[in-house]
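Accompanying notes for the structure given below.
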Amino acid sequence: MISHRLSLQIEHYKSCTKTILNLGLFKKTYKNIHIIMSKFLPNKDDDYSLWYNELVKKADLAENSAVRGCMVIKPYGFSIWEKMQAVLDKMFKETGHSNAYFPLFIPKSFLSKEASHVEGFAKECAVVTHYRLKNSPDGKSVIVDPEAKLEEELIVRPTSETVIWSSFKNWVQSYRDLPLLINQWANVVRWEMRTRLFLRTTEFLWQEGHTAHATRAQAVEETERMLEIYAIFAEQYMAMPVVKGIKTANERFAGAEETYCIEALMQDGKALQAGTSHFLGQNFAKAFEVQFTNKEGKLDHVWGTSWGVSTRLMGALIMAHSDNDGLVLPPMLAPIQVVIVPIFKNEEQLTAITAKVNELVAALRKRNISVKFDDRDTQSPGFKFADYELKGVPVRIAVGPRDIEAGTAEVARRDTKEKKTLPFENLEEVIENLLKEIQENIFKKALDYRASQTHVVETWDAFLETIEKGGFISAHWDGTPETEEKIKELTKATIRCIPLDSVEESGVCVYSGKPSSKRVLFARAY
RNA sequence: CGGGGUGUAGCGUAGCCCGGUAUCGCGCCUGCUUUGGGAGCAGGAGGUCGUCAGUUCGAAUCUGGCCACCCCGACCA
């Protein structure tokens, strides 16, 4: 709990930091301190959330918009999202799903058809009540035309289960129509009180999969399959280790029978839910009367699932790997994997360097490596080095006159900051391997970090002490919502999930002392 | 919705107490010198001081209203 006085001090500190960051004098006079200040980013360990916000803006990923709580995703940030989309979309298609698009607006009556669902979202829905504007009497502005009131208000989708299931009703008649495997890429709106770029914004982008199946078993299988896809994506592409698990009743999606999730640990010791997959049972099928005739000729309700990941993954990606010099992107998702910076004093040198570099660019592209040759003469090499580090480009190659003479290039990797001068000959193969190594290395680093921050705790005292340090706590829980609530109230920690690989072992609840058969994962979360 | 804070050039700010059209840095533009880790020097452009009203010869500055944003809390698949 941060006291008011302390929060004021933090405010003061932040504004001072900003001032210092912008004082050129400071940089000039105290070169050493300038190095510590590190590329004008706040220090990650001093103030993690300030570091995060500044990084998002300075790395040109996103910025706040004129609309409260909504963000503008800038070209560089969006290109990372596009890479994520491309990979996920391919994975969805490979597992038999098709894309479709459903409307942004949902009739209000749809939301009330599934009782627990509406309860979960009612408080954060944007509502459209009118469909026309007109000039104000004084002609200086526009006002909502009171005559243009909608008969039934429209809800801006916070998620699309209801519109989609109202369509599914028409799409499904026979077991031959099943399974129905649909995905949509869309924007959704949830009127959140407090927002943060990428992590929680009023409007965000996501994909939502919605499927219908003939049997319970098939729907559960689908739920688990998609969770697995999310886990593979997180670990193999984002290089971010995740725990697969099941949510407790408190944390479950409104309208689901079971919510599966992947949970990741950020560098400040807080957990982040990175994706969810819901087994909906027959809840929506019953609410929207989606029935089919089975092989035996009997009418039955279908079984549903829904699953999604959002632009929140961008926040996860940023917080999982980045450092005080800026972003660290996994090569699999980096829009630019290799940047080549020429070092030249005159046109003649640049021409010689360009000729040599073009060979390398062609060879790298042949291997499907995205490469940028930054031959602008308007920025100095030093500026470019720092800038591409800020943007998380995994590999940088510098080529100058000395290299041309020696037949070499300087290769620097973003993750370790290691620099090596290597022969130009066959460099493309070295780079290709280096990209793989970087991908593995940042995953391993994140995995080691998580291991060091996952604590097995047996007693309440130890729990209280450990939760302050951050990280995951693996502890026994008696399975009651009351205990879960109480722990949340006392520590702000929630049960992130019951891990799928949690082993059966008898123990006692860390809070109540009642018997328990499994450990669950606690953490403070985003 | 409660508590606190801030609005001055693209960004970050000084000035406000004690009224006289605005300070500094970054960035931007031009020129020359530079270029192997955010280049230097010289010159230059850019401001309805959030907004509306009041006090005054005169308002960034004083008074009142309004608006916006930020932080803390409540809330949050």
Side-chain angles (χ1 to χ4, degrees), chain A residues 1-29 31 34-35 37-41 49-50 53-54 57-58 63-69 116-117 119-124 158-159 161 188 190-196 199-200 202 206 208 247 250-256 259-261 273 275-278 280 306-308 310 312 325-326 341-346 349-350 353 376-390 396 398-404 408-410 412 417 419 421 494 525-526:
Chain A
M1 186 75 76
I2 294 173
S3 73
H4 177 62
R5 180 178 292 269
L6 184 59
S7 77
L8 287 181
Q9 282 174 358
I10 289 168
E11 270 312 282
H12 177 72
Y13 164 77
K14 284 182 184 176
S15 66
C16 287
T17 309
K18 278 181 190 165
T19 309
I20 288 165
L21 295 182
N22 285 285
L23 275 179
L25 252 185
F26 195 84
K27 175 179 117 195
K28 238 190 264 177
T29 319
K31 280 254 157 109
H34 167 224
I35 291 160
M37 295 297 297
S38 193
K39 327 291 186 194
F40 299 165
L41 262 187
S49 77
L50 183 64
N53 289 150
E54 288 296 308
K57 288 176 199 157
K58 296 233 160 80
E63 62 190 21
N64 286 308
S65 72
V67 184
R68 177 197 173 86
S116 56
H117 185 65
E119 211 178 299
F121 286 107
K123 280 177 283 185
E124 49 192 49
T159 177
E161 272 77 5
V188 286
R190 296 182 189 174
W191 216 264
E192 302 286 354
M193 291 290 179
R194 296 184 63 187
T195 58
R196 291 192 68 193
L199 296 174
R200 176 174 286 119
T202 300
W206 77 347
E208 47 181 326
K247 286 291 187 190
N250 278 347
E251 304 275 326
R252 193 180 292 151
F253 173 64
T259 289
Y260 293 66
C261 64
Q273 178 176 294
T276 47
S277 184
H278 314 290
L280 303 174
S306 69
W307 28 274
S310 71
R312 183 176 232 211
D325 293 326
V341 177
I343 292 150
F344 57 98
K345 289 190 166 70
N346 52 50
Q349 287 181 344
L350 178 61
I353 292 165
R376 288 176 299 173
D377 62 357
T378 50
Q379 320 291 140
S380 70
F383 178 90
K384 292 175 186 173
F385 290 177
D387 196 47
Y388 290 112
E389 269 161 24
L390 183 61
R396 181 190 73 230
V399 182
R402 297 205 300 253
D403 293 302
I404 294 296
T408 59
E410 183 196 72
K417 296 294 187 60
K419 282 194 275 196
T421 299
T494 50
Y526 275 100

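Here is how names work: the chains are called A, B, and so on, in the same order as the sequence lines, proteins then strands, and each is numbered from 1.
Evaluation of atom-type donor-acceptor distances gives no pair under 3.5 Å for the side chain of A/Arg190 against the base of B/rC76. A/Lys419 contributes a side-chain N or O that forms a donor-acceptor pair with the base of B/rG37 under 3.5 Å.
To the nearest angstrom, P of B/rG10 lies 14 Å from CD of A/Glu63. As a whole-Å value, the separation of A/Lys247 NZ from B/rC76 P is 14 Å. In this entry the distance linking CG of A/Leu199 with P of B/rC76 reads 19 Å, nearest Å. Nucleotide B/rG27 holds its P atom 13 Å from the NZ atom of A/Lys58, rounded to whole Å. In this structure, A/Leu50 atom CG and B/rG12 atom C1' are separated by 13 Å, rounded to whole Å. Here the C1' atom of nucleotide B/rC28 and the CZ atom of A/Phe383 are 13 Å apart, to the nearest Å. Counting to the nearest Å, the P atom of B/rC75 and the CD atom of A/Glu192 are 13 Å from each other. In this structure, the CG atom of A/Asn53 is 16 Å from the C1' atom of B/rC11, given to the nearest Å.
Listed nucleotides B/rG37, B/rC76, B/rA74 differ in distance to A/Glu124; the shortest reach to its side chain belongs to B/rC76.
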Yes or no on side-chain contact (heavy atoms from CB on, under 4.5 Å) for A/Lys57 and A/Asn64, after CA distance, side-chain angles and deciding distance? CA-CA 9 Å; A/Lys57 288 176 199 157; A/Asn64 286 308; 4.1 Å; yes
Go through it in stages, so that I can follow the logic: the residues are A/Thr159 and A/Phe121, the test is side-chain contact (heavy atoms from CB on, under 4.5 Å), and I'd like the CA-CA distance, side-chain angles, deciding distance and then a yes or no. CA-CA 9 Å; A/Thr159 177; A/Phe121 286 107; 3.6 Å; yes
Evaluate the criterion side-chain contact (heavy atoms from CB on, under 4.5 Å) for residue pair A/Arg396 and A/Lys419; output intermediate values, then yes/no. CA-CA 9 Å; A/Arg396 181 190 73 230; A/Lys419 282 194 275 196; 3.8 Å; yes
Under the criterion side-chain contact (heavy atoms from CB on, under 4.5 Å), I'd like the reasoning laid out for A/Lys123 against A/Trp191: C-alpha separation, chi angles, the key distance, then a yes or no. CA-CA 8 Å; A/Lys123 280 177 283 185; A/Trp191 216 264; over 6 Å; no
Protein N or O to nucleotides 30-36 of chain B N or O, pairs below 3.5 Å:
residue: B/rU35; atom: O4; partner: A/Lys345; partner atom: O; Å: 3.3
residue: B/rG36; atom: N7; partner: A/Arg402; partner atom: NH1; Å: 3.3
residue: B/rG36; atom: O6; partner: A/Pro401; partner atom: N; Å: 3.3
residue: B/rG36; atom: O6; partner: A/Arg402; partner atom: N; Å: 2.7
residue: B/rG36; atom: O6; partner: A/Asp403; partner atom: N; Å: 3.3
residue: B/rG36; atom: N1; partner: A/Asp403; partner atom: OD2; Å: 2.5
residue: B/rG36; atom: N2; partner: A/Asp403; partner atom: OD2; Å: 3.0

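Rounded to whole Å, the C1' atom of B/rC62 lies 8 Å from the corresponding atom of B/rU55. With P as the reference atom, B/rA59 and B/rG50 are 15 Å apart, rounded to whole Å. The same atom, P, is picked in B/rG65 and in B/rG4; the two are 15 Å apart, to the nearest Å. If you take atom C1' in B/rC49 and the same atom in B/rU23, they sit 13 Å apart, rounded to whole Å. Only the P atoms considered, B/rU35 is 24 Å distant from B/rG43, to the nearest whole Å. Remark: the separation of the P atoms in B/rC69 and B/rU61 is 23 Å, to the nearest Å. Taking the P atom of each, B/rU6 and B/rU21 are spaced 25 Å apart, rounded to whole Å. B/rG10 sits 24 Å from B/rG20 when the P atoms are compared, rounded to a whole Å.
Within the 4.5 Å cutoff, the side chain of A/Ser49 has heavy atoms near those of the A/Arg196 side chain.
Among the heavy atoms of the strands, none lies under 4.0 Å from A/Arg376. Counting any heavy atom pair closer than 4.0 Å across all strands shown, A/Asn64 reaches no nucleic acid atom. Within the 4.0 angstrom heavy-atom criterion, no nucleotide atom of any strand lies near A/Lys57.
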Give RNA chain B the dot-bracket treatment, 5' to 3': Watson-Crick (N1-N3 with N6-O4 or O6-N4) or G-U (N1-O2, O6-N3) under 3.5 Å, [ ] crossing, | other strand. (((((((..(((.......[...))).((((((.....)))))).....(((((..]....))))))))))))....
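Minimum interatomic distance between A/Leu280 and A/Glu161 (heavy atoms only, all atoms of both residues): CD1-CG, 4.4 Å. The minimum heavy-atom distance linking A/Ile343 with A/Ile353 is given by the pair O-CD1, 3.2 Å. Here the shortest heavy-atom pairing between A/Gln379 and A/Lys384 reads O-CE, 3.7 Å.
Judged as a side-chain contact (heavy atoms from CB on, under 4.5 Å), and not counting sequence neighbours, A/Glu119 has no contacts.
B/rU34 adopts an anti glycosidic conformation, its chi angle falling more than 90° from 0.
Counting only distance, with no hydrogens or angles, the side chain of A/Lys345 and the backbone of A/Pro401 share no donor-acceptor pair below 3.5 Å.
In this structure, the separation between OG on A/Ser310 and CH2 on A/Trp206 is 8.0 Å, given to the nearest 0.5 Å.
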